[in-house]
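Read the structure below first, then the notes.
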Number of protein chains: 2
Amino acid sequence: MIRAHADTTNKETIMASEQIENYIKNIYKLSSNEGKVTTSSLSEKLQISPASVSEMIKKLAEERTLTHTPYKGVELTEEGKKLALRIIRKHRLWEMFLVEVLHFRWDEIDDEAERFEHIMSDTMEEKIDHVLGHPNIDPHGDPIPTRDGEIHCTMSYPMIESHPGMRVRVLRVSDSNSDLLKYVSSIGITLNKQIRIKQKMSFDNSLLVVINKKEINISSTIAENIFVETIEKE
Amino acid sequence: MIRAHADTTNKETIMASEQIENYIKNIYKLSSNEGKVTTSSLSEKLQISPASVSEMIKKLAEERTLTHTPYKGVELTEEGKKLALRIIRKHRLWEMFLVEVLHFRWDEIDDEAERFEHIMSDTMEEKIDHVLGHPNIDPHGDPIPTRDGEIHCTMSYPMIESHPGMRVRVLRVSDSNSDLLKYVSSIGITLNKQIRIKQKMSFDNSLLVVINKKEINISSTIAENIFVETIEKE
DNA sequence: TTATAAATTTAGGTTAACCTAAATTTATAT
DNA sequence: ATATAAATTTAGGTTAACCTAAATTTATAA
């Protein structure tokens, strides 16, 4: 990689370096998934040593992207949240574009978008948004924030929490593991697919479900990563 | 910018850092335009101090991307040329994509592609190539190298060399200046446009030409950047 | 042909982001 | 309540790519 200066080359918005963007994005994600964000959780997520993460946190706190309570954790400021949502918007718009226009599969897109989110200009963002018709979810069902930082979360819950007899609709599949995505689509699960829950296996918490009229066993790990809404309680 | 290590994150091909790619690409370009490539010409083109360029040249020579004759100049090795053509291919494919699919203007695309060429995966390259139907020129008329490094240059010459009475066809417009591109399209010049040369002004070398039945004066600078083929000598 | 100018290289220094090891603080478990 | 473990921070060091200033080499012009 390359230049070690703040980024004036790129884009319209005066923005942070690629790596700082990664920190900000992942702080946002950890914060919305786990609630609090610690040095170690960030370190784990970014695969960067706790020492380095600690340093970077200090720096980001100084430039008011986040607030830091030493030994406790961090929280993005309003400014930081805006940046995060902007990056996430670019990431998800690009994922959508890859699927819709370039016919990538949903398990191929995350890595591509991971790189592209940092170089996407505002013009680009707008053109893509326009071509796609202002989508509000990405190919995994994750909401796409608006340009000014609003994000509408759909009301879904992990399928593992559903009960036998229910009919549910898939609203989101976690994009955290591309092999999982690949497997999930191989058994016929796509967004909006309806699934009937037949049975919950007590020994391993796996589910016996019906998809496309076929009975399939879904492991608890997978069921934790598929988010659904109830359409019939039975 | 970001990580200071050689690039393992990205893409299928094990590739050089973003900045090294820039050196390689611009060495290739200088070499095909000016013939020889010196430290100062590279320094000028990249807007990086001669000292830094000199250092980088040493490094690239060590890893056999180019050969360096101290105090004389550099030349890409076969390996280096292949890398260069690969980067140029990605750049030009992306420019084509921006124009054809996202409806960018030809004066907006170079900066965008400048960034994207470095993060484009091989998969991406292929998908885009496919969607575009394997184009062999980009929106400025520059040839797009094939995946294995072949490049077919069209036989064109700068319009400044044309003579009164000729009819010529625009085959390429230099992409070196986006304002020039913007101006050129504003006077109705696009690729394949036919132009009749009426007169050559001896005092400033400008040309009086007919485009779309309208008479227009074209400065020598512009005429040097528009490349044409003769379709009628008269 | 030799002095000066221009181009190039080398020397020495900076910065962002990383790292390991050591020091510190907080949490946990007897 | 205190000792140990875990998490965090600080200290000190590395690397790639940049820079300016000084030294060297090559080119030019009197």
Side-chain angles (χ1 to χ4, degrees), chain A residues 1-10 14-27 30-31 34-63 65-75 114-115 118-119, chain B residues 1-10 14-27 30 34-63 65-75 114-115 118:
Chain A
M1 189 83 359
I2 289 95
R3 32 170 69 219
H5 318 308
D7 213 323
T8 50
T9 336
N10 283 11
I14 305 102
M15 262 295 246
S17 77
E18 196 169 314
Q19 199 59 337
I20 285 181
E21 290 192 353
N22 272 331
Y23 276 90
I24 296 170
K25 184 185 70 171
N26 284 292
I27 290 166
L30 281 175
S31 159
E34 261 93 276
K36 67 185 275 217
V37 184
T38 61
T39 301
S40 46
S41 62
L42 242 188
S43 163
E44 168 67 24
K45 185 135 201 178
L46 292 167
Q47 293 290 304
I48 290 171
S49 75
S52 301
V53 169
S54 188
E55 268 175 24
M56 183 61 96
I57 283 173
K58 208 164 90 187
K59 181 170 152 187
L60 293 177
E62 269 158 23
E63 57 188 48
T65 304
L66 50 78
T67 54
H68 181 210
T69 319
Y71 294 101
K72 295 300 178 186
V74 299
E75 201 179 339
E114 207 61 42
R115 283 178 270 123
H118 307 296
I119 65 155
Chain B
M1 189 88 351
I2 290 94
R3 31 169 70 219
H5 319 308
D7 212 325
T8 51
T9 336
N10 283 11
I14 306 100
M15 262 294 247
S17 77
E18 195 170 312
Q19 199 60 334
I20 285 181
E21 289 191 353
N22 272 331
Y23 276 90
I24 296 171
K25 184 185 70 172
N26 284 290
I27 290 167
L30 281 174
E34 262 92 275
K36 66 184 276 215
V37 184
T38 61
T39 301
S40 46
S41 61
L42 242 190
S43 162
E44 167 67 24
K45 185 135 203 176
L46 293 168
Q47 294 289 303
I48 290 171
S49 75
S52 300
V53 169
S54 189
E55 268 176 23
M56 182 61 95
I57 283 172
K58 210 164 87 185
K59 180 171 153 186
L60 293 177
E62 271 159 22
E63 58 187 48
T65 304
L66 49 77
T67 55
H68 181 211
T69 320
Y71 295 100
K72 295 300 176 186
V74 298
E75 201 180 338
E114 207 63 42
R115 282 177 270 125
H118 307 296

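The analysis underlying the following values was restricted to heavy atoms, covering all of them including side chains, and did not include hydrogens, waters or symmetry mates. Lettering of chains follows the sequences in order, A, B, ..., and the numbering in each one begins at 1.
Of the candidates C/dT9, D/dT10, C/dT26, C/dT26 carries the atom nearest the A/Lys72 side chain, counting heavy atoms from C-beta on. Between C/dC18, D/dT9, C/dT8, one nucleotide has an atom nearer to the side chain of A/His68 than all others, and that is D/dT9. Comparing C/dT10, D/dC19, D/dT8 by their closest approach to the side chain of B/Ala51 singles out C/dT10.
The number of heavy-atom neighbours closer than 6.0 Å to CD of B/Glu63, taken from other residues, nucleotides and ligands shown, is above 12.
Per the geometry, CD1 belonging to B/Ile48 stands 18 Å off C1' belonging to C/dA7, to the nearest Å. Distance A/Lys36 NZ to D/dA7 P: 11 Å, rounded to the nearest Å. Distance B/Leu60 CG to C/dT9 P: 13 Å, rounded to the nearest Å.
Remark: DNA chain D forms stems of 3 or more consecutive Watson-Crick or G-U wobble pairs, all pair distances under 3.5 Å, at C:1-30 with D:1-30.
For B/Asn26, the side-chain hydrogen bond (donor to acceptor under 3.5 Å, both in side chains) criterion is met by no residue, not counting sequence neighbours.
In this structure a side-chain-to-backbone donor-acceptor pair under 3.5 Å is present from A/Thr67 to A/Glu75. Formation of a donor-acceptor pair under 3.5 Å by the B/Ser43 side chain with backbone atoms of B/Ile48 is found in this model.
Residue-to-nucleotide proximity on DNA chain C shows that, of A/Ser49 and B/Val53, the 5′-proximal contact is made by B/Val53. Each of A/Ser40 and B/Pro50 was assigned the nucleotide of DNA chain D with the nearest heavy atom; the assignment lying further toward the 5' end belongs to A/Ser40.
For A/Gln19 and C/dC18, a side-chain-to-base donor-acceptor distance below 3.5 Å is absent, hydrogens and geometry of angles not being considered.
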